[in-house]
Amino acid sequence: MHIRTVEGLVAAGLVDDDAALDAVAAKYVIGITPAVLALIDANDPNDPMARQFVPTPAELETTLEERADPIGDLSHSPVEGIVHRYPDRVLLKAVHVCPVYCRFCFRREMVGPQGLGTLTPAQLDAAVDYIASHDDIWEVILTGGDPLVLSPRRLAEMMARLAGIAHVRIVRFHTRVPVVEPERVDAAMIGALKASGKTTYLAVHANHPREFTPAARAAMARIADAGIALVSQSVLLAGVNDDVETLAALMQGFVENRVQPYYLHHPDLAPGTSHFRVSIAKGQALVSALRGRISGLCQPVYVLDIPGGHGKADIGAATIVGDEGHYSVRDWQGQTHRYPPEADDTV
């Protein structure tokens, strides 16, 4: 069953009946697919799969540095559905729903039925017109939400529209679907992800090696066999993958499935997610430990999305200096920013 309510969580034996969870559900949407449910060990209070997807009262605790738009999407949105933060690429957020809802999601204030919703036809027209009118846009990244919740017909229509824009050469999809709802990855969907004259990349989000089930491996194989390049995205999460053994197995799992490790994200300052955050020093130590433990093919880039919309910084490198409580991080334009930001910093 697909769990979408606290009652469903209770019926599945994942939580006890707790009034605090009703308050969480009223604020942040719940979603657990059958594939994910099968991976959760309800008898383990520290289960890393449950930690990612089962809500807890801790989500009602908000710290001063947390913010509704932690990476500044809205401040770089010239038209609805577009985020244009870097010169050569844009995000196209056609839909704001997902098959599952991660409890650490940095867009948790925007996704789900109560979120920003799916773009209307007029809004989608305006978004595509924006892309067509800016010939410096080389790459379009479909995200949201999860773009693979769209039907193959809708995805094919989207790709056909992008195919008509000559300066767009790369189309990238960011998705959880191959690991949380692998049955959706069929021939029709794979065909819809390709367009003449465009190179398609698909970024698979997984955070724990247990997510590489036989069905997920088969879904990724179907994508790779179709000639679609696969890269990874993961978030460094306390209690999920913040030890070198788990992180190494995760990255090796990606490579075994022909997925090139790409980004390991430091957790963003989304409301109610402080229980997931690790220290930057610990993250740096983990990434350093990976270097001597596993193949160079398996090394992700450890990145921080600088609050306020200043882009990503490689914080495994010399772009960040300081210690816990006060870092100075340099963005791609050479400007420096305090991290964490002051509570009253302009965003």
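A donor-acceptor pair under 3.5 Å is formed between the side chain of Thr33 and the backbone N or O of Val180. Side-chain N or O atoms of His167 include one that pairs as donor or acceptor with a backbone N or O of His134 at under 3.5 Å. A donor-acceptor distance shorter than 3.5 angstrom exists from the side chain of Thr120 to the backbone of Gln123, with no hydrogens or angles considered. A donor-acceptor pair is defined here as one N or O able to donate and one able to accept, closer than 3.5 Å; no such pair exists between the side chain of Asn257 and the backbone of Val259. The closest donor-acceptor contact from the side chain of His205 to the backbone of Asn207 lies at 3.5 Å or more, if one exists at all.
Sorted by first and then second residue, the salt bridge (Lys or Arg N to Asp or Glu O under 4.0 Å) pairs with a member in residues 292-309 read Asp305-Lys312; sequence neighbours excluded. The side chain to side chain donor-acceptor pair (under 3.5 Å) analysis of residues 177-189, with sequence neighbours excluded, yields no pairs. Applying the ring-ring contact (aromatic ring centres under 6.0 Å, His included) test to residues at least two apart or on different chains, the pairs with a partner in residues 209-243 are Phe212-Phe254.
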Q) Going through the checks in order, is the side-chain contact (heavy atoms from CB on, under 4.5 Å) test met by Leu142 and Leu91? A) CA-CA 6 Å; Leu142 282 102; Leu91 304 183; over 6 Å; no
Q: Please report the C-alpha distance between Tyr339 and Tyr327 in whole Å, then the side-chain angles of each, then the deciding distance to 0.1 Å, and finally whether the ring-ring contact (aromatic ring centres under 6.0 Å, His included) criterion is met.
A: CA-CA 5 Å; Tyr339 183 85; Tyr327 282 95; 7.1 Å; no
**Q.** Working for side-chain contact (heavy atoms from CB on, under 4.5 Å), residues Leu92 and Met158
**A.** CA-CA 10 Å; Leu92 174 54; Met158 190 89 65; 3.9 Å; yes
Q. Where do His265 and Gln233 land on the side-chain contact (heavy atoms from CB on, under 4.5 Å) test, with the steps shown first?
A. CA-CA 8 Å; His265 292 268; Gln233 287 204 114; 3.0 Å; yes
Q: Could you please spell out the steps behind the side-chain contact (heavy atoms from CB on, under 4.5 Å) verdict for Tyr130 and Val128?
A: CA-CA 5 Å; Tyr130 179 89; Val128 174; over 6 Å; no
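The same ILVMFWY cluster, assembled from side-chain heavy atoms under 4.5 Å apart, contains both Tyr262 and Tyr201. Taken together through direct or relayed side-chain contacts under 4.5 Å among Ile, Leu, Val, Met, Phe, Trp and Tyr, Ile228 and Met189 form part of one hydrophobic cluster. Connection of Ile82 to Phe173 is established within a shared hydrophobic cluster, with ILVMFWY side chains joined at heavy-atom distances below 4.5 Å, either directly or through further cluster members. Leu124 and Leu162 fall within a single hydrophobic cluster, where Ile, Leu, Val, Met, Phe, Trp and Tyr are joined by side-chain heavy atoms under 4.5 Å apart, directly or via other members. Residues Ile170 and Val231 share a hydrophobic cluster, clusters being chains of Ile/Leu/Val/Met/Phe/Trp/Tyr side chains in contact below 4.5 Å.
Side-chain contact annotation: Gln335 with His310, donor-acceptor N/O pair under 3.5 Å absent. No hydrogens or angles considered: nothing links the side chains of Thr246 and Asn241 as a donor-acceptor pair under 3.5 Å.
Taking NE2 of His275 as the reference point, atom OG1 of Thr56 lies at 4.0 Å (rounded to 0.5 Å). With values rounded to the nearest 0.5 angstrom, Ile32 atom CD1 is found 8.5 Å from His2 atom NE2. For the atom pair CG of Leu155 and CD1 of Ile190, the computed distance is 12.0 Å after rounding to the nearest 0.5 Å. With rounding to the nearest 0.5 Å, the separation of CD1 in Ile165 from OG in Ser133 is 9.0 Å. Atom CG of Leu193 is separated from atom CD1 of Ile223 by 7.0 Å, given to the nearest 0.5 angstrom. Expressed to the nearest 0.5 Å, how far NE2 of His266 lies from CG of Leu237 amounts to 10.5 Å.
The shortest distance between side-chain heavy atoms of Gln299 and Met251 does not fall below 4.5 Å. A 4.5 Å side-chain heavy-atom check between Leu250 and Ser234 finds at least one atom pair inside the cut-off. Considering only heavy atoms from C-beta on, Val303 stays 4.5 Å or farther from Ile315 through its side chain. In this structure the side chain of Pro307 never reaches within 4.5 angstrom of the side chain of Pro70, judged on heavy atoms. Using a 4.5 Å heavy-atom threshold, the side chains of Val97 and Asp146 count as separate. With contacts defined as side-chain heavy-atom distances shorter than 4.5 Å, the pair Ile131/Val168 qualifies. In this structure, Arg108 and Arg103 have side chains that are in contact, with non-hydrogen atoms separated by less than 4.5 Å. Side chains of Leu202 and Pro178 form a contact here, defined as non-hydrogen atoms less than 4.5 Å apart.
Of all heavy-atom pairs spanning Val235 and Pro267, the tightest one is CG1-CA, 4.1 Å. Shown here for Leu297 and Gln260, the closest heavy-atom pair between the two residues is O-NE2, 3.3 Å. Minimum interatomic distance between Pro341 and Arg67 (heavy atoms only, all atoms of both residues): CG-NH2, 3.1 Å. Across every non-hydrogen atom of Glu66 and Thr273, the tightest pair is OE2-N, 3.5 Å. What you find for Val79 and Ala127 is that their closest heavy atoms are CG2-CA, 4.0 Å. In this structure, Arg258 and Ala224 approach most closely via the heavy-atom pair CZ-CB, 3.6 Å.
Between Arg210 and Asp47 there is a salt bridge, since at least one side-chain N of the basic residue sits less than 4.0 Å from a carboxylate O of the acidic one. Between Arg107 and Asp69 there is no salt bridge, since no side-chain nitrogen of the basic residue lies less than 4.0 Å from a carboxylate oxygen of the acidic one. Salt bridge status for Arg277 with Glu65: present, with a side-chain N to carboxylate O gap under 4.0 Å. Salt-bridge check for Glu59 with Lys27: failed, with every basic side-chain N at 4.0 Å or more from each acidic carboxylate O. Between Arg217 and Glu256 there is a salt bridge, since at least one side-chain N of the basic residue sits less than 4.0 Å from a carboxylate O of the acidic one. Taking 4.0 Å as the cut-off between side-chain N and carboxylate O, Arg161 and Glu157 do not count as a salt-bridged pair.
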Residues 5-26, side-chain donor-acceptor partners within the protein, below 3.5 Å, at least two apart:
unit_1 : atom_1 : unit_2 : atom_2 : d
Thr5   : OG1    : Gly8   : N      : 2.9
Asp18  : OD1    : Ala20  : N      : 2.9

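For Arg172, the salt bridge (charged side-chain N to carboxylate O under 4.0 Å, His left out) test picks out Glu139, with sequence neighbours left out. Partners of Asp268 by salt bridge (charged side-chain N to carboxylate O under 4.0 Å, His left out), not counting sequence neighbours: none found.
A cation-pi contact, defined as under 6.0 Å to the ring centre and within 45° of the axis, is absent between Arg176 and Tyr101.
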